[in-house]
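Presented below is the structure to which this report refers.
We count ligands from 1, going down the list as the structure has it; atoms in each ligand are counted the same way. We use all heavy atoms of the structure for the numbers below, so side chains are in, but hydrogens, waters and symmetry mates are not. If you read the sequence from its start, that first residue is 1, and numbering goes on from there.
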Amino acid sequence: MRHIDWYKDFVDLKYKPSKTDVVCLFRFEPSDKVSVVEAAGRIASESSAGTWTTLTKLPKTIKKVMATSFEIDGNFAKVAYPIEIWEPGNISQLLSGIAGNIFGMKALENLRLVDVSLPVQYTKHFRGPEFGIEGIRRILKVRKRPITGAVAKPKIGWSAEEHATIAYETWIGGFDLVKDDENLTSTQFNKFEQRVKLCAKMRDKAEKESGERKSALINITGETNQMTKRAKILHDFGFEYAMIDVVTVGMSALQTLREVCHDHNLAIHAHRAMHAAFDRNPRHGISMLFLAKICRLIGVDQLHIGTVIGKLVGTRHDVLDIKNAITSQNNKRFGSLNQNWNNIKPVFPVSSGGIHPGIIPDVLKIMGNNIVLLVSGGIHGHPNGTRDGARAAIQSIEASMQSIPLYQYARSHKELGAALAKWGRLRPQ
Ligand code: CAP
Ligand code: MG
């Protein structure tokens, strides 16, 4: 019988990737009657130059644009892509290839894009973070301890005035940052411009009274031109950050905003709402590790990565793997692909979701102190309110950094004592 497909032409187990190849690690499960080799070939084919059948005419340069599945190990395959097929600086195009049609192929039961290794020839077209960990610490004048922040809760519902008052209480309680929630942008009862203006006023008051730097992560998420306008407003009111829901706005919008934020000298706080729609199932979709690498490449300064023990999913292995990928200069750990970040700065990892004073030491034990710690319900739910809640969280950080048992520290710190009386060491589900 004549060959009607050419999938196996995309497999070469002797191929050694070149220094300029983009390399992806996939986990795959072939459907019934599809061999492992054919499945690996199909992944490389559909994500690069192939189609479902042989063609009567091919470009002379076809070999130079075909991806190669070069390593197959159980359910895992590595695929190398020639640099020539990737447009410099175009993340959406990269995703349309390595994270595109392949997820819908009937020949695969499941497919997961686990990791990527990007050559310097590719990464050099991106800015990476403007400030990174050191730059953010310099702005906030916080040297060693975790950066503290809180989202006003409930997520949505407060007026701009009420929101700014909560912000003030959070700052005066000792926190560095207040943050908008992912679904708060601009509503009839809490307009973006008004929130920015009132928060700026309260920030100035809190800075004057405390003698400390205070800032806000205000959510500019929206249509791209709208985000551009909002970034300028933040700059005009003296804020150092713009917050963006990076998954819902998309990577192309993030790339545009990276330029806009550069022009306005703004750091980017990246919230990842919606990530679990594609990274939660370990057998299918796109890993958070991959998304985190893309966010670092484009250039966010802070990125949510999980808590391990808080209310949202994320295993210790996965969270630490992501932390390593966004903070180290040249990372290879836990079996992930090597990535040389060259001169691209590290991203500040953000731990958030179900954290309260009773578990802060456990989170810091896992994550270390070089993180942004967001404690939201865990301060606003304090029996004596937001200000005492922030104090309790800070006392918990102090206890952890001085290696003093929490309940012992609480004997001389009443805000922490009240928090422990409510939540104890509860791990929220
Ligand atoms: C946390 C939070 C954050 C999540 C995001 C929320 O509030 O504001 O959006 O932590 O998840 O809306 O749930 P609490 P992740 O502190 O009150 O739980 O960091 O995993 O992306
Ligand atoms: Mg939130």
Open item on the list: Among all the protein's non-hydrogen atoms, which is closest to atom 6 (C) of ligand 1, and how far away is it?
Closed with: K153 NZ, 3.3 Å
TODO: Just jot down the ligand 1 atoms closer than 4.0 angstrom to any heavy atom of K155, in number order.
DONE: 6 (C), 12 (O), 13 (O)
TODO: Under 4.0 Å from a heavy atom of E182: give me the atoms of ligand 1 that qualify, with their elements.
DONE: 9 (O), 12 (O)
Task: E162 atom CD, neighbour heavy-atom count above 12 within 6.0 Å - done: yes
Task: Taking atom 4 (C) of ligand 1 as the reference point, the nearest protein heavy atom with its distance - done: S352 OG, 3.6 Å
Open item on the list: Is H380 close enough to touch ligand 1? Criterion: a residue heavy atom under 4.0 Å from a ligand atom.
Closed with: no
TODO: Report, in ascending order of atom number, the atoms of ligand 1 lying under 4.0 Å from any heavy atom of D181.
DONE: 8 (O), 9 (O), 12 (O)
Task: Residues E212 and K141 bridged, charged N to O under 4.0 Å - done: no
TODO: Would you kindly say whether Y7 and E46 are connected by a side-chain donor-acceptor distance under 3.5 Å?
DONE: no
Open item on the list: So for ligand 1, is K311 a polar contact partner (N or O within less than 3.5 Å, distance only)?
Closed with: yes
TODO: Within a distance under 4.0 Å of any heavy atom of H271, pick out the atoms of ligand 1 and give their elements.
DONE: 3 (C), 5 (C), 9 (O)
Open item on the list: Testing the 3.5 Å rule here: is there a donor-acceptor pair between the side chains of N370 and R137?
Closed with: yes
Open item on the list: I'd like to verify the contacts: list protein N, O or S atoms under a distance of 2.8 Å from the Mg ion (ligand 2).
Closed with: D181 OD1, E182 OE1
- [ ] Show which atoms of ligand 1 fall inside a sub-4.0 Å distance from at least one heavy-atom site of S376.
- [x] 7 (O), 14 (P), 16 (O), 17 (O)
Task: Cationic N near anionic O, under 4.0 Å, D279 to R112 - done: no
- [ ] Would you check whether G354 has a nitrogen or oxygen atom less than 3.5 angstrom from a nitrogen or oxygen atom of ligand 1?
- [x] yes
Task: R387 bridged to E169 by N-O distance under 4.0 Å - done: yes
- [ ] Starting from atom 11 (O) of ligand 1, locate the nearest protein heavy atom and write down its residue, its atom name and how far away it is, to 0.1 Å.
- [x] L312 CD1, 3.0 Å
Task: Backbone or side-chain N or O of R272 under 3.5 Å from ligand 1 N or O - done: yes
- [ ] Evaluate the side chain to side chain donor-acceptor pair (under 3.5 Å) criterion for residues E398 and Y409: first the C-alpha distance (whole Å), next the side-chain angles of each, then the deciding distance (0.1 Å), finally the verdict.
- [x] CA-CA 9 Å; E398 287 165 1; Y409 204 67; 2.6 Å; yes
Open item on the list: Counting only nitrogen or oxygen atoms and a 3.5 angstrom limit, does G353 reach ligand 1?
Closed with: yes
Task: Sub-4.0 Å atoms of ligand 1 with respect to non-hydrogen atoms of V151 - done: 8 (O)
Task: Test: R296 cationic atom under 6.0 Å from W341 six-membered ring centre, within 45° of axis - done: yes
Task: Pair S69-Y15, side-chain donor/acceptor within less than 3.5 Å - done: no
- [ ] State whether a side-chain donor-acceptor pair under 3.5 Å links T185 with N219.
- [x] no
- [ ] State the OG1-CD distance between T123 and Q121, to the nearest 0.5 angstrom.
- [x] 8.0 Å
Open item on the list: Any donor-acceptor pair under 3.5 Å linking the side-chain atoms of Y122 with those of D21?
Closed with: no
Task: Gap between atom CD1 of I359 and atom CH2 of W423 - 0.5 Å precision - done: 10.5 Å
Open item on the list: Please tell me whether H304 and H275 form a close aromatic pair, meaning their ring centres lie under 6.0 Å apart.
Closed with: no
Open item on the list: Give me the residue, atom name and distance of the protein heavy atom closest to atom 19 (O) of ligand 1.
Closed with: H304 ND1, 2.7 Å
Open item on the list: Pairs of nitrogen or oxygen atoms closer than 3.5 Å, one from G377 and one from ligand 1: do any exist?
Closed with: yes
